[in-house]
Amino acid sequence: MDNDRRKIELMNSLLMSFPGTPIIYYGDEIGMGDNIYLGDRNGVRTPMQWTPDRNGGFSRCDPARLYLPMIMDPVYGYEAVNVEAQSRSLASLLSWTKRLISVRKSSKVFGRGSLTFIRPANRSVLVYVRQYDNEVVLCVANLSRSAQAAEIDLTPWRGRVPFELLGRTNFPPIGEGPYLVTLGPYGFFWFLLREAEASMVDSPRIWAEFETLVVTDGWRSLLRSRSKSILERDVLPAFLASRRWYAERGNPPTTHIVGVMPIAAAESDLGVALLEVRGRRETANYLLPLTIKWTRFDRERQNPSALAAVRRGPREGSLLDATAEPGFVALVLENLRAARTIETDQRRIEFAPTASFPKDVLVAIEDVRAVDTEQSNTTVLVGTDYVVKLFRRLEPGLNPEIEVGHFLTEIAAFSHAPPLLGTVEMEENGARSAVAVVHGFVQNQGDAWTVTNAYLDRFVEEQRLLTAEAAGHSDEQAAYLRLMDHVGRRVAELQLALASRDDIAAFAPEPIAAGDVRNWTEGILQRAERALGDLARRRSDLAENDRQLVDALLSYRDSLPARLRELLPETIDAMKIRHHGDFHLGQMLIVKDDISIIDFEGEPRRSLEDRRRKAPAARDVAGLIRSIDYSTTAALERALKSAPDEHGKLARALEDWREHSVAAFIAGYRSSLSDTRLWPQSPEAADRLLDFFLLEKAFYEIEYELAHRPDWLRVPLAGTWRILSRSEGAPQ
């Protein structure tokens, strides 16, 4: 292999992925060389190179007495190539080999599966498939010293999503045509071809033939007569059920188009339909921006925002959700710049810029992209200038995103949140509803959830591959603890800002009354009863490990009221204030060495009135602690997919990470919380208050995960059990 790391890795990938039992000769895992001058087979029998010490750590005898001499040349010698050095580096060949073996052991397909070769036109690329039952692994290897591209016929697995096993990354799904793969010199991929699942399919899907609607005089004609009936009956229910922002996603609702919301004074190709949507649990009003493009997206190319096909004479096109269309976003921003008010029928739309909104004429808007996240709204980024959030669900009342945004930007001058640039609200029959908000764009390196996942994946890799001594002194963890300390300080500063104006009733701190305690306690008990009841009914459908946690939680069902009263007595030494309301790692952007806190809308499943109610500062603190818990449990679940945690080493290490991260966050928070009214002075009382709101958050999470993501249920189950069992001295 000429000591070429790329060739060595490629040959090992072939060895590990072909049928049969792979055998690695000692030293190959660290790239030991051979002594070709010894002759016969002795050239590969030189002593193992363990350390850079005497005789490579193989023996303490006189070097002249060794049966075969050590390799001592400057490239392959034991001082340059040895286990001790490579055990301290994740980038070493030893660590890479461990990772490859771990991935191979994670699947039976390598040991028991069939072997089928696929022959692409590019003969420099070797392609073969290992299959065992329904598990399919596609192996692609570039045997050339130059970069190569290959088109591979994967028709039998159309619709599956290639999941790269070493990097644990989803690739685009397999479509109708040949699948294009590009590889670097001597590069290779191991793809697990997974069935497309709702939890991971954010990519284009294979579309069925659209319903066709007839257009006569613009998109508004679709909201009349037969086209309207088709939209309401056949198009909108399926479209809404597939949207992340629809509250009962997955269940097609009954829909009625109740009106049109104007966004331009003159007739426009763009408009917003107002929908009355009746689901299984509730009836609510939604808004849907619509436009027509004269391209058939079910034939020529796919677009996840397309609802239906349209036709006007011989011309064919598609009806689209226009939220992320440059024309729609440009119109919203232009209306804000001009501070327009548009009235029609019984509705009035007010575009209200703040003092921070740029007064210059808007330039042409081209770089518009939707943020693809799990949320109840749609957020669109406009270049590096604006962030436009459209509230899909119309709720009469003052939205906290607008109220808190105005306060932090224009009154408290809090600099660690994006500035509010403008708001769009609709008034109908005397009631106002938030339609959209526009914030300034903050240059960032990603949100804290993404950064935390990256930290934890590297931490897990260190724990799994490196020696205990090397893994125990993690620079990554030290850096993350500094970040958590900084987050704690910024959260404290946010709460100090929100509690800084006693003269503004909506933001003035207030004493916690006995009625508040009763309301919070009754709220948790009602949610806990629903959650525990759902767990009991669905217990048989859950995984074995989850069932054990469910049984443990159900044992606390009768004692829960007394436990909550113990945690939250009627008299509390703290004030209640306005707070974020849905605080977690995803609500913070990493901005160089600082953070910016975003999204003050509150929990979308709560009413606007509930979201505007004041609460102890501990509620937001509890939200972030639960998010840290989610991150560590998610990291363990990702790790277990590639290899078992045979001795519980990873679980213990991640639990230690969680405890230290929470401690660093709390320490930074307490050191900066200068207003003693916001936090109980007694450590015991503070711990009880925090546990109370941790339980509130955890029961909310149980309900959410049961409804939307059962695979994540273990996270809130484990967190709830940890809190409830804490006072009894149970193992944590």
Aromatic contact between Phe191 and Trp157, with the criterion being ring centroids under 6.0 Å apart: yes or no?
no

Kindly say whether Arg652 contributes a backbone atom to a donor-acceptor pair with the side chain of Asp656 at under 3.5 angstrom?
no

Who passes ring pair (Phe, Tyr, Trp, His ring centres under 6.0 Å) against Tyr455, sequence neighbours left out?
Tyr480

Should we say atom OH of Tyr67 is surrounded by more than 12 heavy atoms from elsewhere, each under 6.0 Å from it?
no

Side chains of Leu192 and Pro162: does their closest heavy-atom pair fall under 4.5 Å?
no

Taking only Lys NZ, Arg NE, NH1 and NH2, and the carboxylate oxygens of Asp or Glu, determine whether Arg539 and Asp551 approach each other closer than 4.0 Å.
yes

Using atom types as modelled and distance alone, determine if a side-chain donor or acceptor of Ser95 lies under 3.5 Å from a backbone N or O of Ala91.
no

I'd like to know if the side chain of Ser661 and the backbone of Glu659 have a donor-acceptor N/O pair within less than 3.5 Å.
no

4.5 Å side-chain heavy-atom contact, Val487 and Leu585:
no

Ring centroid separation for Phe171 and Phe189, is it under 6.0 angstrom?
yes

Taking Leu542's backbone N and O only, do any of them form a donor-acceptor pair with Arg547's side chain (distance below 3.5 Å, no angle check)?
yes

Between the side chains of Glu655 and Arg658, is the shortest nitrogen-to-carboxylate-oxygen separation below 4.0 Å, so that they form an ion pair?
yes

Considering only NZ, NE, NH1 and NH2 on the basic side and carboxylate oxygens on the acidic side, decide whether Arg688 and Glu566 come within less than 4.0 Å.
no

Going by an N to O cut-off under 4.0 Å, is there a salt bridge joining Arg168 and Glu164?
no

Can you confirm whether more than 12 heavy atoms, excluding those of Asp541, are under 6.0 Å from its CG atom?
yes

Hey, does the side chain of Arg538 reach the backbone of Leu706 with a donor-acceptor pair shorter than 3.5 angstrom?
yes

Do Arg194 and Phe163 form a cation-pi contact, if we require the NZ or CZ to be under 6.0 Å from the six-membered ring centre and within 45 degrees of the ring's axis?
yes

Testing Asp691, Asp629, Asp582 for salt bridge (charged side-chain N to carboxylate O under 4.0 Å, His left out) with Lys697, which one passes?
Asp582

Minimal heavy-atom distance between Glu29 and Thr97, with the atoms involved, is O-OG1, 3.6 Å

Tell me every residue that passes side chain to side chain contact (heavy atoms under 4.5 Å, CB included) with Glu79, counting only those two or more places apart in sequence or in another chain.
none

Are Trp721 and Tyr556 near enough that their ring centres are under 6.0 Å apart?
no

If the plane angle is over 60° it's perpendicular, under 30° parallel, otherwise tilted; pick one for Trp96 and Phe188.
perpendicular

Per the salt bridge (charged side-chain N to carboxylate O under 4.0 Å, His left out) rule, which among Arg709, Arg626, Arg714 passes with Glu701?
Arg626

Give a yes or no answer on whether the side chain of Ser92 reaches the backbone of Gln86 with a donor-acceptor pair at less than 3.5 Å.
yes

Just by modelled atom types, is the Gly668 backbone N or O under 3.5 Å from a matching donor or acceptor in the Ser671 side chain?
yes

Take Trp50 and Tyr78 through the ring pair (Phe, Tyr, Trp, His ring centres under 6.0 Å) test and state the conclusion after the steps.
CA-CA 8 Å; Trp50 295 107; Tyr78 64 88; over 10 Å; no

Between Arg489 and Asp485, is there a salt bridge with N-O shorter than 4.0 Å?
yes

So does Val83 get a backbone contact from the side chain of Ser87, meaning a donor-acceptor N/O pair under 3.5 Å?
yes

Tell me, do Ile625 and Ile666 make a side-chain contact under 4.5 Å, heavy atoms counted?
yes

How about His486: does its NE2 atom have over 12 heavy atoms from other parts shown lying under 6.0 Å from it?
yes

Donor-acceptor contact below 3.5 Å, side chain Asp133 vs main chain Glu135
no

Between the side chain of Asn55 and the main-chain N/O of Gly57, is any donor-acceptor distance below 3.5 Å?
no

Over 60° means perpendicular and under 30° means parallel, so tell me whether Trp657 and Phe459 are parallel, tilted or perpendicular.
tilted

Which atom names give the shortest non-hydrogen contact between Leu93 and Gly31, and what distance separates them?
CD2-N, 3.4 Å

